[in-house]
Participant: 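Quick one: this structure, given as structure tokens, is what I'll be asking you about.
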Amino acid sequence: MAARLTILASGSAGNSALVECDGERWLIDLGLEPKELDARLAKVDADWSQIRGVLVTHRHSDHWTPKSLSRCWTSRVPVFCHRDHAAAFRIGCPDFADLERGRLFRPFVGERSITISANWQCRPFRVRHDGGATFGFRFESPQSAFAYAADLGCWDRGLLERLIDVELLALEFNHDPDSLRQSRRPPWLVNRILGDEGHLSNAQACELVGEVLKQSSVDRLRQLVLLHISRECNSADLAAATARTALAQFGSEANVFAAEQQEPSPWFVIGESFAVDRVIQPVSLVQATLF
Ligand SMILES: [Zn+2]
Ligand SMILES: [Zn+2]
């Protein structure tokens, strides 16, 4: 019944995560080139022959590449994405037509569950972002749940409800607004990132985590994974410190891990003891110096 999650890569240079439910392995996003994705999979003792499907959040180029999508065709791995993603995939990836002909294009609809394994379902939920139709995913078994939400500009009550009572929450902590405003980025880009269809700031993410804690059973949340941390306008240290302060305000002892661009995270176990994860905290502080 247990599930595991590892973040293979997170950030504007590429995003991918590997989920394992009842031994069935699924990828979330394909934002690395095949060679690099293979290398990251090997680091967590996985390979393409084990992948049962790929779930795609949205069509921005840090979440898929034409060659990695082609890899789904050559490996005969079904791609689960929204219908609105298909137009971009058809233009960008010559093999996508084969995926469609081979019935490996499996369009999903928001809120309609996808069967992941014997005990686990995945429910895609829509988030606000300027990448067209964009989704987060809530994975649920009769006993447990975890959620993944990267690339969102804001949150509302509907999104909050999708994140209640999860044991693990992987959530975007993209930027520190002051660092963003002081950066050398052009005003249009700053405004885009700060906007409701852009990316979630540390403070916005913390507010959401606070509400999740308020609405969830006591001590239900055990692991918070910070995603899509901006290298220029944030740091793993700052994002993690902000997250820990927010958790402490609500009396939560959940672990915090800042996912990296260059290295896979450890496996996070859901539905079993989190004792292993408790040793992660000092490691994340060491790794934070890489940003
Ligand atoms: Zn995006
Ligand atoms: Zn992104």
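Order of listing sets the numbers, starting from 1, for every ligand and every atom in it.
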Participant: Just do the side chain to side chain contact (heavy atoms under 4.5 Å, CB included) check on Phe173 and Val256 with the steps written out, would you?
Facilitator: CA-CA 12 Å; Phe173 274 66; Val256 173; over 6 Å; no
Participant: Going by the rule side chain to side chain donor-acceptor pair (under 3.5 Å), which residues pair with Ser16 if we only count those two or more places apart in sequence or in a different chain?
Facilitator: none
Participant: If you look at His228, which of its N/O/S atoms is nearest to the Zn ion (ligand 2)?
Facilitator: NE2
Participant: If you take the centroid of each ring, where Trp contributes its six-membered ring, are Tyr148 and Phe137 closer together than 6.0 Å?
Facilitator: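 No, they do not, as the ring centres are separated by 6.0 Å or more.
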Participant: With sequence neighbours left out, write down each residue that passes side chain to side chain donor-acceptor pair (under 3.5 Å) with Asn191, or none if nothing qualifies.
Facilitator: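 Residues passing side chain to side chain donor-acceptor pair (under 3.5 Å) with Asn191: none at all.
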Participant: Restricting to salt bridge (Lys or Arg N to Asp or Glu O under 4.0 Å), what partner residues turn up for Glu33, sequence neighbours left out?
Facilitator: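 Scan of Glu33 (salt bridge (Lys or Arg N to Asp or Glu O under 4.0 Å), adjacent residues dropped) gives none.
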Participant: The Zn ion (ligand 1): which protein N, O or S atoms are under 2.8 Å away?
Facilitator: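 Hits for the Zn ion (ligand 1) below 2.8 Å: His58 NE2, His60 ND1, His129 NE2, Asp151 OD2.
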Participant: Using a strict 4.0 Å threshold on nitrogen-to-oxygen distance, state whether Arg4 and Glu20 make a salt bridge.
Facilitator: yes
